[in-house]
Each structure stands twice: as C-alpha cells, then as structure tokens.
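Worksheet for the structure shown next.
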Amino acid sequence: MDKLVIEGGKPLSGTIVIQGAKNAALPILAASLLADGTTTLDHVPDLLDIDVMLNILRELGCRAEHTGGTVVLDTETAHISHVPEALMRQMRSSIFLMGPLLARFGETQVYQPGGCAIGERKIDLHLEGLQALGAEIEELGNRIICRADKLRGADIHLSFPSVGATENIMMAAALAEGRTTISNAAREPEIQDLQGFLNAMGAKIMGAGTDTITIDGVQSLTPCRYKIIPDRIVAGTVMVAAAATRGQVTLQNTQPAHLSSLIHVLRRAGVQIVIDGDIIKVGCAARPRAVERIVTSPYPAFPTDLQSQVMVLLTLADGVSVLKETIFEGRLKHVDELSRMGADIRVDMNAAFIRGVPRLYGATVEATDLRAGAALVIAGLAAQGRTVVEQIHHIDRGYEKIETMLSRLGARISRYTPVPNN
Ligand code: EPZ
C-alpha cells in the first residue's frame, strides 16, 4: 500500500488551482442516467471515488471516458438496473444511484452500503423518501429491492437534512408525476450544483440552497454539458495547511461564499484571509490563537468534512480550543494519531479539548478515513522531522494526487509505492 513521506517544518507558499468538487460530481454522474444520450461534464476530478462511480455506470451498460478533467458519458446503452454488491461496497455513496435507476427503469436492486470508519451511515431517510414517491421497497438481508410502476410527487419532510437523501429524492422526483416538496432539505452547495445540472437537462427544480426544495416532475430530460463547482473541502484543506505551516498561499478557482464558516474560524484564529473574486489568499506569520468553540453542523454551519483539518491548526494554537463533532459518531479517530505526534487533546464523548503545544513531531501514522488522512498530512507538513502517512488510499478517494498539489506549494512530500516481494 502506498505511503506519503513528509519532511515537515517548511511554510507552504505559491498558487494552486482547486479541483472540481467530488461531492458534486458523484450525484451528477448518477443523475446523468435520467436522460438518454451523451452528457459531458467538465472539471471532474481524477479520484478513486470517481473511478468507482464510472465503473458502476459501465457495469450498468453506459459508455464512459474520463480524460483531462472531462467525463463523456453515453447512457443510451444503459440496460441494467442492479448495482453489483462488490462495487457498492467500494463506495457507499453509490446509494444515490437508487433514485435515478428507479426513475429510469421502474425498479432497481442495490445493497446496504454499510458503515465506514466515520459512522454507521444509515440510509433510512433515502428509503422513506423514495417510498413517499410511491416506491415499494423490500429488504432481503443486505439486498434492497425497489419497484415503482409510476413515481408520484409527494410532500416529504426530512427529520435530518441529509445530503444524500435530499439528492436521491431530487433525482427520483425529477421524472415523477406532479409536484414534490422536500422540507428540512440539506442546503449544501453540492445540492445547488445538482439542481443546476438537472435544470440544464430540462428539470423544473427550485429552492436548492434553502431548506425547502420544490420539484415539478417532467416527462423526460435531455443530456447536456455542465461544469462542476470547485471543491470547497479541498480548498479548505489547503487553506488550513497554509495556516498550519505559517505560509502564504493563493487559491484560484474557489467559491469563497461556500467557505464562509471556515473563513470566520480562521480569522478568529488570527489567520489573514483576503478574498478577490474566485481567489482566496491565506497567510499566517505568527502562532495562531485558540478558537474557543467550534461545532460541526449542516451547511452553512461549520462542515464536518473540515473538522479534522482545523483540529491540526488548533493543536498548534496559543490556548485551549473546543471542537464538537455532531454529524458523524466516529469522526474523531485522528485524535490518537495526532497525540502520537505530540498534540495535547482530550476527548469527552463527541467533543475534543485541544491545548496548543509549541510544535508537533514527525511520526509514522495511519489514515483511517479520507479527511482524517488529509489532517495527518497537514500535521506532517507542520511537524518537526519526518512523518510517514500509511493507508493513503483513503486520501486518494478525495484529493487529486495530493503530493503533487502540495509539492507545487513547496512541500517536501513524496509518495512511496512499496515493490511487491514476489
Ligand atoms: C455527504 O455524505 C458527503 N458525501 C460527506 O462527505 C459529508 O460528510 C456529509 O454529506 C455531510 O455533509 C458525499 O456527498 C458523497 P448525510 P452523506 O446523509 O450524504 C445520518 C467526504 O469526506 N443519516 O448528510 O452520507 C448519517 O448517519 C464525505 O467527502 C441518517 O441517519 O451525509 C450521518 O450521521 C464524508 N439517515 C448524518 O445523517 C439517512 O438516511 C449525515 O449524513 C442518511 C443520513
């Protein structure tokens, strides 16, 4: 398994262009099944998760090419409505193929995606939403069989603003008969991008970005060409890395409005941030200040996907900070690894109490999930000495060649691929 080897202690500096958003591209790729023909998507990042989604779409009969950041997807030949279990297990968010497959074929079979390192990852809200649209759902062991002769619009209230459930319902309702409203909908920018894509195909959806989304079903949709929004979590990760290494970095191709909660936290920590259109400049010459209390919550509040990264900055801040994780029950696994690098963190239930230390020290650490892995890379960049990050396939799921991106900013980081001893 590949590893990253990092020589820490060098401030990041330079300019980086941010990749397209993984969490927008994945549902939009699934939504392409709602129309017959060739869809072209620009600014799709080159990631393991994108590869898995494209392989699933090929298994369903689509033709798909991904070159130079552009995906060309021909769904004309899609004829299979069942998602192979092995592929579903590779990426749990393939669950939002259910909505498009159900709308296209009238039936689908998927598998319980199962939990992962960060939590149980339930899908009850997805299933309840599809049932409200008229789907009959049967669970046989870990198989989920879903049928609907005709999907009909409904008023759906989500007990929690689930991103995936909001997306699944939007996609199924786009071709349903009549009006669907989703109240307490998720408001993430990726939901807004999905609405933009579906409406570019001829759907009639309003309200994405607010807590109430209205979908008026149409008879059919038409393939289109669409550009994916920038990845706010990758941008936020780079911003924190710049601050944690006391560097000076310029990010291009961002949407600062998607990062307002992080920008607020970083400014409270004393990080200089200048915004100019789609450019964000980040600088931190002195030791950052502690931030009294940060609580992860659904967008537009502070995102769970940036919690582990900001924790690294706080381990080096002057004072005590409190970070509370309210979205996923297992998303503090990076604390143990950071403690092995010299961080002073105490966990009580879902809250981390972080007392800043003068420095971190390099160590061999293990990535347990995508964003925890990214946090350990930031810690290695800021630490004194050498850090080896193992299990970096987790990181490759969401960051395009992270070592190349960071090397461009002056980081001393390289990927080590062990030679198999045959
Ligand atoms: C999306 O996951 C993102 N993934 C996650 O990013 C992100 O952390 C999460 O939204 C929250 O912002 C993609 O978009 C591919 P949820 P999703 O449904 O849709 C509970 C990353 O690092 N829940 O909003 O799975 C669930 O257990 C990934 O890029 C139910 O109880 O998130 C969790 O505690 C990690 N029942 C909470 O809601 C359901 O039916 C948030 O889940 C669905 C969810």
Side-chain angles (χ1 to χ4, degrees), residues 19-31 45 47-50 52-53 56 88 90-99 110 112-132 137 139 144 156-171 182 184-194 211 228-229 231-237 258 261-262 296-309 325-334 350 367-375 394-400 402:
Q19 69 188 56
K22 164 178 84 82
N23 292 349
L26 290 171
I28 285 172
L29 282 165
L47 304 169
L48 289 184
D49 274 8
I50 298 293
V52 171
M53 179 59 86
I56 293 175
M88 271 213 75
Q90 282 183 30
M91 181 184 64
R92 56 169 314 287
S93 42
S94 38
I95 193 68
F96 45 53
L97 280 159
M98 278 186 83
V110 297
Q112 283 286 353
C116 66
I118 64 176
E120 185 185 353
R121 310 299 293 273
K122 291 163 56 182
I123 60 167
D124 54 318
L125 301 176
H126 295 245
L127 302 181
E128 286 165 20
L130 296 177
Q131 277 172 322
I137 294 178
E139 296 186 57
I144 304 169
I156 299 169
H157 177 81
L158 292 176
S159 56
F160 178 86
S162 155
V163 172
T166 302
E167 290 165 342
N168 239 333
I169 296 164
M170 282 169 75
M171 292 187 278
I182 309 171
N184 197 28
R187 298 187 278 171
E188 275 70 3
E190 293 76 25
I191 308 267
Q192 298 170 58
D193 213 25
L194 178 61
D211 61 5
I228 304 293
I229 55 171
D231 193 310
R232 61 192 169 100
I233 305 301
V234 170
T237 304
H258 294 167
S261 59
L262 173 71
T296 65
S297 293
Y299 191 89
F302 189 83
T304 175
D305 291 352
L306 286 172
Q307 177 259 107
S308 54
Q309 298 92 318
E325 170 60 49
T326 69
I327 305 293
F328 290 112
E329 64 274 24
R331 209 169 203 177
L332 291 175
K333 291 192 168 62
H334 44 284
N350 63 343
T368 49
D369 66 84
L370 166 54
R371 306 303 173 183
H394 290 294
I395 302 173
D396 292 335
R397 287 187 44 220
Y399 294 85
E400 252 181 356
I402 194 167

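Read the numbers this way: they start at 1 and go in the same order the structure lists the ligands and their atoms. Quick caveat: nothing in here was measured; it's all calculated off a predicted structure.
Residue, atom and distance of the protein heavy atom nearest to atom 34 (O) of ligand 1 are Ile327 O, 2.7 Å. The nearest protein atom to atom 6 (O) of ligand 1, hydrogens excluded, is given as Asp305 OD2, 3.0 Å; this is a heavy-atom distance. Nearest to atom 4 (N) of ligand 1 among the protein's heavy atoms is Asn23 ND2, 3.7 Å. For atom 25 (O) of ligand 1, the closest heavy atom belonging to the protein is Arg121 NH2, 3.1 Å. Atom 16 (P) of ligand 1 has its closest protein heavy atom at Val163 N, 3.7 Å. In this structure, atom 18 (O) of ligand 1 lies nearest to the protein heavy atom Ser162 OG, 2.7 Å.
Polar contact check, Glu329 against ligand 1: no nitrogen or oxygen pair lies under 3.5 Å apart. At under 3.5 Å, a nitrogen or oxygen of Leu125, whether backbone or side chain, sits near a nitrogen or oxygen of ligand 1. By the 3.5 Å distance cut-off applied to N or O atoms, Glu167 is not counted among the residues near ligand 1. Ligand 1 has an N or O atom lying under 3.5 Å from an N or O atom of Asp124, backbone or side chain. Residue Leu370 has no N or O atom closer than 3.5 Å to an N or O atom of ligand 1.
Side-chain contact between Met53 and Leu97 is present, with at least one heavy-atom pair separated by less than 4.5 Å. At a threshold of 4.5 Å between non-hydrogen side-chain atoms, the residues Asp49 and Leu370 do not count as touching. Counting heavy atoms from C-beta outward, Glu325 and Thr304 have side chains that approach closer than 4.5 Å.
Interatomic distance, Ile123 CD1 to Glu128 CD, rounded to the nearest 0.5 Å: 10.5 Å. With rounding to the nearest 0.5 Å, the separation of CD in Gln112 from CZ in Arg92 is 9.5 Å. Rounded to the nearest 0.5 Å, atoms OG1 (Thr166) and CD1 (Ile191) are 4.5 Å apart. Leu48 CG to Arg397 CZ: the interatomic distance, rounded to the nearest 0.5 Å, is 8.5 Å. Expressed to the nearest 0.5 Å, how far CE of Met98 lies from CG of Leu127 amounts to 5.0 Å. Atoms CZ and CZ, on Phe328 and Arg121 in that order, are 4.0 Å from each other to the nearest 0.5 Å.
Those atoms of ligand 1 that come under 4.0 Å of a heavy atom in Lys122, given as number and element, are 23 (N), 27 (O), 30 (C), 31 (O), 36 (N), 39 (C), 40 (O), 43 (C), 44 (C). Interface of Gly164 with ligand 1, defined as ligand atoms under 4.0 Å from a residue heavy atom, comprises 18 (O), 19 (O). Every atom of ligand 1 is numbered from 1 in the order shown, and the set under 4.0 Å from a heavy atom of Thr304 is 8 (O). Within ligand 1, counting atoms from 1 as listed, the ones closer than 4.0 Å to a heavy atom of Ser93 are 15 (C).
When every heavy atom of Ala25 is checked against every heavy atom of Pro45, the shortest pair comes out as CB-CD, 4.4 Å. Minimum interatomic distance between Ile229 and Ala24 (heavy atoms only, all atoms of both residues): CG1-CB, 3.9 Å.
The closest approach between Arg92 and ligand 1 falls below 4.0 Å for a heavy atom of the residue. Heavy-atom distances between Arg371 and ligand 1 reach below 4.0 Å in at least one pair. The shortest separation from a heavy atom of Lys22 to ligand 1 is under 4.0 Å, placing the residue in contact.
There is no protein heavy atom closer than 4.0 angstrom to atom 20 (C) of ligand 1.
Between Glu190 and Arg232 a salt bridge is recorded (basic side-chain N to carboxylate O distance below 4.0 Å).
For Ser94, the side chain to side chain donor-acceptor pair (under 3.5 Å) criterion is met by no residue, not counting sequence neighbours.
Contacts between Arg331 and ligand 1 below 4.0 angstrom, taking non-hydrogen atoms only, involve the side chain exclusively. Contact annotation: for Asp49 versus ligand 1, there are no heavy atoms closer than 4.0 Å.
Closest to atom 38 (O) of ligand 1 by heavy atom, among Phe160, Phe96, Phe328, Tyr299, is Phe160.
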